[in-house]
Amino acid sequence: MNNMRAVSAILVLIIFSGSISGCLSNSEKESTIEDEDLTPLRINHIQMKGTHNSYHLAPIGPTIRAYDYSHDPLDVQAEEQGVRQFEIDVWWDARGQLYVYHNQYDVRSNCITLEECLETLLNWSNQNQEHVPLMIWIEPKEWIEQSTDNTVVIDLQNMLDKIENEIIQYWPRNKTIVPDDVRNGEDTLSDAILKNGWPLLDESRGKAIFILLSSGDLRENYHGKFPGLNGSRMFTMSEPGSSEAAIFSDTNPIGNGDEIEALVRDGFIVRSRADNAEDGEADNNDTSRLEAAISVGAHSISTDYPEKVEGIDYWVEIPNGNPVACNPISAPIDCTSERIESL
């Protein structure tokens with residue numbers, strides 16, 4: 001009898017375990033099906049906070065309002081303030097380094113050279129491999145020296161070579177999204193974006209996008225070195241209708257809101273600004289420019305105030321950001337901030 005009871009107990013246990021196993025299996029299948037039904041997210045489906053002159057430290061002593069703001073080190077901005085877009089001004093120096101500062105009257109910086117700035121961000125990136133792509137805007141500057149009989153201007157083409165070489169040297173290719181990755185066989189960058197869109201977000205995590213923040217002759221010089229941006233490490237600040245059009249900068253989301261939104265709907269990436277220290281948004285707690293940039297779908301919104309500072313009630317946060325949010329114009333309806341980024 002005891003043996004029969006033991007056998008019965010074993011049979012009940014097997015049946016019960018099988019039913020649980022079947023339920024778990026079905027649940028897992030349902031979860032997989034749900035995941036497969038989600039719209040794949042791409043780089044242009046995000047909206048994130050950026051900083052203007054990301055290296056900047058206010059001068060010591062009295063200064064003008066335009067210079068009177070300071071940023072924490074780049075890795076602190078990324079880690080504690082949710083910043084994912086950075087802007088770095090670069091100056092040529094006869095000693096061979098590329099130095100980072102605003103101008104000759106405003107020289108303090110939280111990273112002294114381009115090498116140091118890139119290494120600071122790279123170390124943070126390596127420790128947070130699931131971050132959305134960082135957007136790093138590089139703005140070359142030039143000295144103009146006056147003498148009694150001539151004007152000497154730094155050779156900008158050589159400076160472009162130095163910037164390109166330092167990106168190659170200090171930021172690994174496998175952590176960089178370059179124009180060739182987006183073009184992916186199409187004739188032009190613009191065609192690739194309009195036809196195929198940007199790379200998938202999950203395939204782009206832990207990487208950076210570099211953009212040359214310049215127009216006119218300097219941008220044309222760069223295009224001359226890399227026709228169609230084939231083989232380049234940087235994108236360039238785009239103009240509408242250009243075959244290299246990919247990433248735009250428009251700092252006037254109130255006056256140019258319709259143009260920004262149209263670019264976003266077409267699949268292009270747009271950087272805008274929420275404020276400027278000298279324009280008074282922070283002093284007056286005026287969020288109208290910020291709200292306009294958010295509503296028209298700017299992908300990165302640059303600020304001088306990524307966190308609250310003493311004496312000023314204004315600072316920038318991206319609504320529903322974690323810290324990065326779904327873009328209100330371009331993101332699919334099933335996008336969530338947790339799917340975008342949750343380090």
Side-chain angles (χ1 to χ4, degrees), residues 48-59 67 69-129 131-143 154 156 158-178 206-214 218 222 232-237 247 249 271 273 277 300 302-307 323:
M48 60 189 181
K49 186 194 310 187
T51 45
H52 164 244
N53 292 344
S54 307
Y55 57 84
H56 190 266
L57 296 175
Y67 302 163
Y69 65 96
S70 293
H71 289 307
D72 286 318
L74 303 184
D75 52 349
V76 175
Q77 293 180 46
E79 179 69 21
E80 299 180 10
Q81 298 164 19
V83 175
R84 297 293 181 268
Q85 175 253 293
F86 301 86
E87 179 190 339
I88 302 173
D89 291 342
V90 177
W91 295 80
W92 179 89
D93 185 87
R95 292 164 289 185
Q97 287 275 18
L98 292 176
Y99 283 88
V100 173
Y101 57 97
H102 190 211
N103 59 43
Q104 58 266 45
Y105 309 107
D106 187 23
V107 298
R108 297 185 67 225
S109 175
N110 60 40
C111 50
I112 305 302
T113 63
L114 179 58
E115 174 185 351
E116 181 185 346
C117 295
L118 294 183
E119 287 183 344
T120 299
L121 283 174
L122 182 61
N123 288 336
W124 180 84
S125 175
N126 285 336
Q127 295 168 18
N128 298 273
Q129 295 279 2
H131 67 76
V132 301
L134 305 179
M135 294 187 184
I136 304 174
W137 292 76
I138 307 290
E139 182 173 6
K141 301 283 189 170
E142 63 175 298
W143 282 104
I154 294 301
L156 289 175
N158 185 51
M159 190 173 182
L160 289 176
D161 289 340
K162 289 181 178 296
I163 293 172
E164 189 83 2
N165 289 337
E166 292 211 1
I167 293 173
I168 291 170
Q169 183 174 358
Y170 300 118
W171 200 279
R173 172 65 180 89
N174 65 352
K175 287 179 65 67
T176 313
I177 298 169
V178 302
K207 299 182 180 183
I209 300 172
F210 292 91
I211 312 103
L212 178 67
L213 180 52
S214 189
L218 182 55
Y222 192 72
S232 71
R233 284 296 175 95
M234 291 190 287
F235 292 80
T236 54
M237 187 170 65
I247 302 177
S249 179
R271 163 206 180 238
R273 285 186 65 172
S300 68
S302 189
T303 179
D304 289 332
Y305 295 92
E307 68 168 356

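Note that the CG atom of Leu213 and the CZ atom of Arg271 stand 5.5 Å from one another [nearest 0.5 Å]. Summarising the geometry, atom CD belonging to Glu115 is positioned 10.0 Å from atom CG belonging to Leu98; distances are rounded to the nearest 0.5 Å. Note that the CZ atom of Phe86 and the CG atom of Leu74 stand 6.0 Å from one another [nearest 0.5 Å]. For the atom pair OG (Ser70) and CG (Asn53), the distance works out to 11.5 Å, reported to the nearest 0.5 Å. Considering NZ of Lys175 and CG of Leu122, their distance stands at 6.0 Å, rounded to 0.5 Å. How far OG1 of Thr236 is from CG of Leu212: 6.5 Å, rounded to the nearest 0.5 Å.
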*Determine, stepwise, if the pair Ile247 / Ile209 fulfils side chain to side chain contact (heavy atoms under 4.5 Å, CB included).*
CA-CA 10 Å; Ile247 302 177; Ile209 300 172; 3.9 Å; yes
*Can you list the steps and then say if Ile211 with Met234 is a side chain to side chain contact (heavy atoms under 4.5 Å, CB included)?*
CA-CA 5 Å; Ile211 312 103; Met234 291 190 287; over 6 Å; no
*For Trp171 and Phe210, run ring pair (Phe, Tyr, Trp, His ring centres under 6.0 Å): C-alpha distance rounded to whole Å, both residues' side-chain angles, the deciding distance at 0.1 Å, then the answer.*
CA-CA 10 Å; Trp171 200 279; Phe210 292 91; 5.7 Å; yes
*For Leu121 and Ile136, run side chain to side chain contact (heavy atoms under 4.5 Å, CB included): C-alpha distance rounded to whole Å, both residues' side-chain angles, the deciding distance at 0.1 Å, then the answer.*
CA-CA 10 Å; Leu121 283 174; Ile136 304 174; 3.9 Å; yes
*Show the numbers, then the answer: is there a salt bridge (charged side-chain N to carboxylate O under 4.0 Å, His left out) between Glu139 and Lys141?*
CA-CA 6 Å; Glu139 182 173 6; Lys141 301 283 189 170; 3.7 Å; yes
*Before giving the answer on side chain to side chain contact (heavy atoms under 4.5 Å, CB included), spell out for Arg173 and Val178 the whole-Å C-alpha distance, their side-chain angles and the decisive distance to 0.1 Å.*
CA-CA 9 Å; Arg173 172 65 180 89; Val178 302; 3.1 Å; yes
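Across all their heavy atoms, Pro323 and Arg84 have their closest contact at CG-NH2, 3.7 Å. Summarising the geometry of Ser54 relative to Thr51, their closest heavy-atom pair is OG-OG1, 2.7 Å, with the distance given to 0.1 Å. Of all heavy-atom pairs spanning Ser302 and Gln85, the tightest one is CB-OE1, 3.7 Å. Smallest separation of non-hydrogen atoms from Leu114 and Val100: N-CG2, 3.5 Å.
Side-chain contact check for Trp137 versus Ser249: some heavy-atom pair is nearer than 4.5 Å. Using a 4.5 Å heavy-atom cutoff, the side chains of Leu160 and Leu218 are in contact. Arg108 has its side chain out of reach of Asp106: every pair of non-hydrogen atoms, C-beta onward, lies at least 4.5 Å apart. In this structure, the side chains of Glu166 and Thr113 stay at 4.5 Å or more apart for every pair of heavy atoms. Annotation: side chain of Val90 is not in contact with side chain of Pro140 (no heavy-atom distance under 4.5 Å). Two residues are said to be in side-chain contact when any heavy atoms from C-beta on lie closer than 4.5 Å; Asp161 and Ile163 fail this criterion.
The backbone N or O of Lys49 lies less than 3.5 Å from no partner atom in the side chain of Ser300, so there is not a single donor-acceptor pair. In this structure, the side chain of Gln77 engages the main chain of Asp72 through a donor-acceptor pair within 3.5 Å. The main-chain N or O of Tyr305 is found under 3.5 Å from a side-chain atom of Thr303 such that the two form a donor-acceptor pair. Between the side chain of Asn110 and the backbone N or O of Tyr55, at least one donor-acceptor pair lies under 3.5 Å. With hydrogens and angles disregarded, a donor-acceptor distance shorter than 3.5 Å links the side chain of Thr120 to the backbone of Glu116.
Each of Glu79, His131, Glu119 was scored for a side-chain hydrogen bond (donor to acceptor under 3.5 Å, both in side chains) with Trp124, with one residue passing: Glu79.
Counted by atom type alone, Asn103 and Tyr67 present one or more donor-acceptor pairs between their side chains at under 3.5 Å. When only modelled atom types and interatomic distance are considered, Asp89 and His102 share no side-chain donor-acceptor pair under 3.5 Å.
Taking the ring centroids of His56 and Tyr69, they lie under the 6.0 Å cut-off.
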